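Taking it in order: structure first as structure tokens, then the write-up.
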Amino acid sequence: FLPRLIASLEQVDQAYIMVKPDGVQRGLVGEIISRFEKKGFKLTGLKLFQCSKELAEEHYKHLNQKSFFPKLIEYITSGPVVSMAWEGVGIVPSARKLIGATDPLQAEPGTIRGDFAVQTGRNIIHGSDSPENGKREIALWFKEGELCEWTPVQEPWLRE
Ligand code: UDP
């Protein structure tokens, strides 16, 4: 009873994870999805999507004063991305660890950027940096009805 009560009190968070256009072009979609699946997080939304300039600018609006902003928008809109919503206790910090440092040359081997990328401007993947941004970004990139609520059969084998 007590462990179950404690587990139910644990906060389930959401993260918006996106394979950027270079990750799609380089054939890394399956590899990236696989890492989140194998870790034990729950996929609740998934689509291949060509995003508009407006959406990219909204997503990265906190960076709009940076010198690299125009190139960043050009990069994100340069081809389809894979938009994903993932869910789990502790998902946001854990996803950031799986992804690795913004600069792939600083990212540890074993992380996605550490294993597959060499430059900040082509760092193949995005992951929300807080649970609040996770919610905000999922609401921005997905329409109502595009997300699925479901219970994976592995759930009792992942958490006691
Ligand atoms: N970026 C860039 N040049 C920089 C810093 C960031 O092109 O000097 C891009 C890069 O694609 C990065 C994104 O802007 O992933 C968002 O930057 P942020 O600092 O939020 O890094 P992240 O959360 O993606 O690791």
Side-chain angles (χ1 to χ4, degrees), residues 11-143 146-148 150 152 154 158:
Q11 174 82 28
V12 175
D13 288 319
Q14 276 110 40
Y16 176 64
I17 305 294
M18 174 168 72
V19 184
K20 294 175 175 177
D22 49 338
V24 175
Q25 295 288 348
R26 293 180 52 208
L28 294 170
V29 172
E31 171 75 38
I32 289 172
I33 293 176
S34 179
R35 292 193 178 202
F36 287 88
E37 267 189 322
K38 286 178 193 158
K39 174 73 177 169
F41 292 126
K42 178 168 84 170
L43 183 65
T44 58
L46 171 69
K47 64 180 177 185
L48 181 71
F49 184 65
Q50 173 63 58
C51 90
S52 66
K53 192 165 179 270
E54 291 69 31
L55 178 57
E57 284 173 348
E58 178 63 25
H59 175 80
Y60 282 123
K61 68 177 176 199
H62 60 291
L63 298 172
N64 66 12
Q65 298 307 313
K66 303 278 187 194
S67 59
F68 60 81
F69 186 72
K71 279 181 80 178
L72 174 59
I73 300 306
E74 200 178 306
Y75 162 47
I76 295 301
T77 57
S78 64
V81 299
V82 170
S83 289
M84 291 180 276
W86 287 89
E87 196 176 280
V89 174
I91 179 136
V92 168
S94 178
R96 300 280 295 182
K97 274 192 198 153
L98 290 173
I99 289 169
T102 305
D103 176 355
L105 290 185
Q106 302 303 321
E108 293 295 328
T111 65
I112 293 166
R113 286 170 175 164
D115 286 351
F116 302 118
V118 290
Q119 215 186 33
T120 302
R122 294 289 182 271
N123 63 4
I124 69 170
I125 180 168
H126 166 81
S128 307
D129 63 4
S130 68
E132 297 68 38
N133 277 336
K135 276 201 192 119
R136 179 184 80 83
E137 292 169 356
I138 288 168
L140 186 64
W141 287 84
F142 287 95
K143 294 196 201 98
E146 286 184 331
L147 300 172
C148 277
W150 61 295
Q154 64 171 343
L158 283 164

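Treat the numbers as computed from the prediction; the structure is a model and nothing was measured. Both backbone and side-chain heavy atoms feed into the values below; hydrogens, waters and symmetry mates do not.
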* Structure fact -> d(Lys97 NZ, Ile112 CD1) to nearest 0.5 Å is 14.0 Å

* Full working for side-chain contact (heavy atoms from CB on, under 4.5 Å) between Ile99 and Arg113 -> CA-CA 6 Å; Ile99 289 169; Arg113 286 170 175 164; 3.6 Å; yes

* From CG (Asp22) to OG (Ser78), nearest 0.5 Å -> 7.5 Å

* Mark yes when over 12 heavy atoms from residues, nucleotides or ligands other than Glu146 sit less than 6.0 Å from its CD; otherwise mark no. => yes

* **Nearest non-hydrogen partners of Val92 and Asp129, listed with the distance** => CG1-C, 3.8 Å

* What are the two closest heavy atoms between Val81 and Pro21, and how far apart are they? -> CG1-CD, 3.5 Å

* **Option passing ring-ring contact (aromatic ring centres under 6.0 Å, His included) with His59 (candidates Phe69, Phe49, Trp141)** => Trp141

* Asked: Looking only at heavy atoms, what is the nearest atom pair of Pro104 and Val118, with distance?
  -> CB-N, 3.7 Å

* Asked: Is the side chain of Gln119 donor-acceptor paired with the backbone N or O of Asp103 at a distance under 3.5 Å, no angle test?
  -> no

* Between Phe36 and Leu98, is a side-chain contact (heavy atoms from CB on, under 4.5 Å) present by the stated rule, with each step listed? -> CA-CA 8 Å; Phe36 287 88; Leu98 290 173; 3.9 Å; yes

* To do: Indicate whether the side chain of Glu87 and that of Thr44 have a donor and an acceptor atom separated by less than 3.5 Å.
  => no

* Quick one: are Val82 and Ile32 in side-chain contact, heavy atoms under 4.5 Å? -> no

* Any cation-pi pair here, Lys47 with Phe142, using under 6.0 Å and within 45°? -> yes

* Asked: OG1/Thr120 to CG/Leu72 distance, rounded to the nearest 0.5 angstrom?
  -> 11.0 Å

* To do: Using atom types as modelled and distance alone, determine if a side-chain donor or acceptor of Arg26 lies under 3.5 Å from a backbone N or O of Phe116.
  => yes

* Do Glu57 and Lys53 sit within salt-bridge range, that is, some charged N less than 4.0 Å from a carboxylate O? -> yes

* To do: Please round to the nearest 0.5 Å and tell me the distance separating atom CG of Asn133 and atom CG of Asp13.
  => 12.0 Å

* If you take all heavy atoms of Glu58 and Leu140, which pair is closest and at what distance? -> CG-CD1, 3.5 Å

* Is the closest side-chain heavy-atom distance between Lys39 and Trp86 below 4.5 Å? -> no

* Separation between CD1 of Ile33 and NZ of Lys38, rounded to the nearest 0.5 Å -> 12.0 Å

* **Heavy-atom closest contact (Trp150 atom, Lys42 atom, distance)** => O-NZ, 2.6 Å

* Atom pair CG/OG of Leu48 and Ser83 - distance to nearest 0.5 Å -> 8.5 Å

* Asked: Quick one: does Leu158's side chain get under 4.5 Å of Phe41's, heavy atoms only?
  -> no

* Asked: Taking C-beta and beyond as the side chain, do Tyr75 and Asn123 meet within less than 4.5 Å on heavy atoms?
  -> yes

* Asked: What's the verdict on side-chain contact (heavy atoms from CB on, under 4.5 Å) for Met18 and Glu137, showing C-alpha distance, side-chain angles and the deciding distance?
  -> CA-CA 10 Å; Met18 174 168 72; Glu137 292 169 356; over 6 Å; no

* Heavy-atom pair of closest approach, residues Val24 and Val19 -> N-CG1, 3.7 Å

* Asked: How far apart are the C-alpha atoms of Ile76 and Lys20, what are their side-chain angles, what is the distance that settles it, and do they pass the side-chain contact (heavy atoms from CB on, under 4.5 Å) test?
  -> CA-CA 6 Å; Ile76 295 301; Lys20 294 175 175 177; 3.8 Å; yes

* Salt-bridged, Lys71 to Glu74, with N to O below 4.0 Å? -> no

